[in-house]
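Heads up, the thing below is written out as structure tokens.
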Number of protein chains: 2
Amino acid sequence: MGRWEPNARGRLEQAAMELYGERGYEQTTVTEIAARAGLTERTFFRHYADKREVLFGGSALLQELLVDTLAGAPATAAPIDAVAAALRAAAAVFDERREQSLRRQKIVSANAELRERELVKLASLSAALAESLRARGVPEPAASLAGEAGIAVFKVAFEGWIEETDGRPMGAYIEEGLDGLKAVMAGGRA
Amino acid sequence: MGRWEPNARGRLEQAAMELYGERGYEQTTVTEIAARAGLTERTFFRHYADKREVLFGGSALLQELLVDTLAGAPATAAPIDAVAAALRAAAAVFDERREQSLRRQKIVSANAELRERELVKLASLSAALAESLRARGVPEPAASLAGEAGIAVFKVAFEGWIEETDGRPMGAYIEEGLDGLKAVMAGGRA
């Protein structure tokens, strides 16, 4: 291990996001990211497996937040209400990081490989929610369906929020999505 | 163009599936597929862009079937009922091709790249359903939510059906999934 670098991970993330935005994800190398952050490549690889990981390092934290919040919901809560609590907790984090989320989304949506990776991440989140519901005694296929429904709401809410211009928080899009999916499944049109 | 080869596409698919099953997807080459089918590599590339395409060539047909069935639903049908009609039409096709579906699933699930490709395919199907619903006048976010809900039901139903041992058709899993998601969104537990 080299000497201690204060907030190396955050500096590397900041440098990577700047470079991905300036010259594109494909054109940026780990060498350049480390140089921009004033750190060595060796330090980069202590924090991230590769340059893609910088964009997806947060998804483990998001999954943890979703699963922990779901697990903390009252035992009597209906599955969809436990999932809704998890989505609301995630929305609060996204609202605190709107600028970073916007910048990241611009990079991910410009690259097919990154878009695919994002879909894999969403599928993992759905599976983690389902697993957490089964641990609460929710049977199949209800657990998997509730996990998929939660991620469907999250995906549509995120897309709305990332494009919004009226300052509505992500939480408002989550509520709209939950209500919207309830209405759709009850045979509504909107 | 070479001489006409009777059912070249079907023979190539059959050969590819046999080889993927026998020696694994990664280990199989286009040269071997063409040889097994008694055809030339040139003929292979007239029908498929690469060896992955053999496994995903059917997804354009599936998307067409889903979209056409949805578009053909009565104008007064609720969005979820139009989506349900599309899923039922798809289920009937899967039931006719159970052996091929099982064999294909075994190959896809054994390979990370193919599993990612499958997620991309499902996301495209969801987007196509949403677009078709918007064309029927369904507003956002209801159209996207109904598209996502349809694919969530399809995914969970397919997983159940592919693992079933009691002979229930895919259509039964689709009905169970639709009813299950309705119940979940209405606050039920199972």
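Chain identifiers are assigned alphabetically (A, B, ...) following the order of the sequence lines, protein sequences preceding nucleic acid strands; residue numbering begins at 1 within each chain.
- Against chain B, the residues from residues 144-158 of chain A that qualify, each with a non-hydrogen atom under 4.5 angstrom away, are A:Ser144, A:Leu145, A:Ala146, A:Glu148, A:Ala149, A:Ala152, A:Val153, A:Lys155, A:Val156 in number order.
- Linking ILVMFWY side-chain heavy atoms closer than 4.5 Å, directly or via other members, places B:Met170 and B:Ile162 in a single hydrophobic cluster.
- A pairwise comparison of heavy atoms in B:Gly187 and A:Ala78 identifies O-CB, 3.2 Å as the closest pair.
- Taking both residues in full, the closest heavy atoms of A:Met185 and B:Leu178 are given as CE-O, 4.0 Å, listed atom of the first, atom of the second, then distance.
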*Trace of the side chain to side chain contact (heavy atoms under 4.5 Å, CB included) decision for B:Glu116 with A:Leu119*: CA-CA 8 Å; B:Glu116 293 200 11; A:Leu119 291 174; over 6 Å; no
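- The stretch residues 57-77 of chain A places A:Ala75, A:Ala77 near chain B, each with some heavy atom under 4.5 Å from a heavy atom of that chain.
- Hydrophobic cluster membership for A:Tyr25: A:Leu12, A:Met17, A:Leu19, A:Tyr20, A:Val30, A:Ile33, A:Leu39, A:Phe44, A:Phe45, A:Tyr48, A:Val54, A:Leu55, A:Phe56, A:Ile107, A:Val108, A:Leu114 (Ile, Leu, Val, Met, Phe, Trp, Tyr linked by side-chain heavy atoms under 4.5 Å, directly or transitively).
- The contact list for residues 125-137 of chain A toward chain B, using heavy atoms and a distance under 4.5 Å, reads A:Arg136, A:Gly137 by residue number.
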